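Below you'll find the structure, written out as structure tokens, and then a few comments.
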Number of protein chains: 2
Amino acid sequence: MASEGVGRPSSEPGRVESSSVEPGRVEPGSVRPGGRTARVRESVLRAAGDALAEHGFDRLDLADVARRAEVGKTTVYRRWSTPTGLIADLLDDMAEQSSPRTATGSLTEDLRANARLVATTLSDPRQGALFRSVIAAATCDPRTAEALHRFYAIRIKEWSGCVTEAVERGELPAGTDADEVIRAVSAPLYYRLLASGDPLDEAAADRAAGAAEAAARAGAYVN
Amino acid sequence: MASEGVGRPSSEPGRVESSSVEPGRVEPGSVRPGGRTARVRESVLRAAGDALAEHGFDRLDLADVARRAEVGKTTVYRRWSTPTGLIADLLDDMAEQSSPRTATGSLTEDLRANARLVATTLSDPRQGALFRSVIAAATCDPRTAEALHRFYAIRIKEWSGCVTEAVERGELPAGTDADEVIRAVSAPLYYRLLASGDPLDEAAADRAAGAAEAAARAGAYVN
DNA sequence: GTTCTAACGGGACCGTGGTTCCGTTAAGGT
DNA sequence: ACCTTAACGGAACCACGGTCCCGTTAGAAC
């Protein structure tokens, strides 16, 4: 997300398909997705992330994004039309950057590693602000909400392996819902970020991981 | 929050004290907080809640709020200036309407009652949308975030009694952080509402309560 | 290399969200 | 009951976010 050059192949063409699919209507960027178009998307999404991290969702100005991306504001409006539309695309892009989980072979260690990763991400000034902003955007628009849900579904699937492995080792009861355990690790941290405002320090992370593990061992996540 | 008439005494005068306290500057509504001023605040806050529930945070239009409240839009701008300012005041108002918790004498029952209350509130079309909106607003403005934190601090204090009682009965380990247990019940439900998008049904509520209780019994919330 | 046209970009344009002005209404103190 | 002035409300006003128009650039196909 930080420092790559120009022209990543960009597996997905950056769709923003119109909601009620108009017949015959073709979205800009879908016919010639290579070269310039990809470059524009690249820099606009990065600029959008920067702007969101700096100003927050309600101050997101597409003209400002265009300026940062060194792109005409007409282009931004044409391809994404609204702030929430742009953020939905940003989320799809973020979903593609999935970093692999750690696999220590110990459930306790893995869950703690996950919790600490989430906590450091959310307490990082830029990343934390960015996550707050995209979540705010998702509350305002169904399409953006879907993109956010996809993002988390991927993140959770990425980590649920450590739980299924623990079940196989007999550390956790059979039938334990692996995804739910991973969500349980994140949930208290997001609650702090968005609702209670309590600090997102290492102690909070370890407590979240410990609580999820204890509940899992007690069979609270068996289907 | 639904159907009362005009003229509740309004304990707090509806402050929106300016951020960098200008010397000598007096906020409108602070000198003559009674009668008309209170009536205006009353109907504006209700209208704001309605608008937020219907349209979401990003479509909140103060002129529209004024129209709904049958109040001049100048008045709304003068007293609250920004959407986030208005929402901060709305949150302070919501914090005052604290409904007492149930006290069944059983930790399991109390936690489940709490979880179900939260789940039904958040899955209610109006309330759920309203909560999403105020949380979105809180991510955009520090002042609104503070109001949100106060709101949750009160809600949590309201319920933490059932945990401290359980500790006294010896059901939970001494030193258990009561507030943290209550937060642990809510957290997975808010995670569903805001991040993962999973359903907020009774099963989710019971699972949240069960997991928090299991973790608490295992001593995961001991300081 | 040439052609065709998707996609970009500058600048003029326009509607509306927010401010200002000033007259009116009604708290709150005596 | 009277007076002072805080607070409200209508209407004109203004600025800027978003759209439109049209000429330019550069993918993709041959």
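From a predicted model like this one, the values you see are computed outputs, not experimental measurements. The analysis underlying the following values was restricted to heavy atoms, covering all of them including side chains, and did not include hydrogens, waters or symmetry mates. So that the names make sense, note that chain A is the first sequence line, chain B the second, and so on, each numbered from 1.
At a cut-off of 3.5 Å, with distance as the only test, a side-chain donor of N223(B) or R207(A) sits close to an acceptor on the other residue.
Checked against salt bridge (Lys or Arg N to Asp or Glu O under 4.0 Å), D124(B) has no partners two or more places apart in sequence or in another chain. Considering only residues two or more places apart in sequence or on other chains, E158(A) meets the salt bridge (Lys or Arg N to Asp or Glu O under 4.0 Å) condition with none of them. With sequence neighbours left out, D50(A) forms a salt bridge (Lys or Arg N to Asp or Glu O under 4.0 Å) with R126(A). Judged as a side-chain contact (heavy atoms from CB on, under 4.5 Å), and not counting sequence neighbours, the contacts of S133(A) are L52(A), F57(A). With sequence neighbours left out, T121(A) forms a side-chain contact (heavy atoms from CB on, under 4.5 Å) with L117(A), Q127(A), F131(A). Contacts of A205(A) classified as side-chain contact (heavy atoms from CB on, under 4.5 Å), with partners at least two apart in sequence or in another chain: A115(A), R116(A), A119(A). With sequence neighbours excluded, the residues that form a side-chain contact (heavy atoms from CB on, under 4.5 Å) with D179(A) are I156(A), K157(A), S160(A), D177(A), R183(A).
For the helix from dG1(C)-dC30(D) to dT30(C)-dA1(D), the terminal axes (five pairs an end, C1' atoms, rotation from four pairs onto the next four) enclose an angle of 60°, given to 10 degrees.
Summarising the geometry, the separation between CG on D58(B) and C1' on dG17(D) is reported as 15 Å, rounded to the nearest angstrom. Between the CZ atom of R78(A) and the P atom of dC8(C) there is a distance of 6 Å, rounded to whole Å.
Applying the salt bridge (charged side-chain N to carboxylate O under 4.0 Å, His left out) test to every pair with at least one member in residues 187-196 of chain B, sequence neighbours left out, gives these pairs: E180(A)-R192(B).
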Protein N or O to nucleotides 11-14 of chain D N or O, pairs below 3.5 Å:
from: dA11(D); atom 1: N6; to: T74(B); atom 2: OG1; distance (Å): 3.4

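Y77(B) has no side-chain polar atom (N or O) that falls below the 4.0 Å cut-off from OP1 or OP2 of dT19(C). For the pair R39(A) and dC8(C), the criterion of a side-chain N or O lying under 4.0 Å from OP1 or OP2 is not met. Between R79(B) and dC8(D) there is a side-chain polar atom (N or O) within less than 4.0 angstrom of OP1 or OP2.
For DNA chain D, the residues of residues 59-72 of chain B within the heavy-atom distance limit of 4.0 Å (strictly under) are V71(B), G72(B), sorted by number.
From D92(B), atom CG reaches atom CD1 of I87(B) across 12.5 Å, with rounding to the nearest 0.5 Å.
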Which donor-acceptor pairs under 3.5 Å do side chains of residues 58-66 of chain B form with protein atoms, sequence neighbours excluded?
from: D61(B); atom 1: OD1; to: A63(B); atom 2: N; distance (Å): 3.1
from: D64(B); atom 1: OD2; to: R68(B); atom 2: NE; distance (Å): 3.1

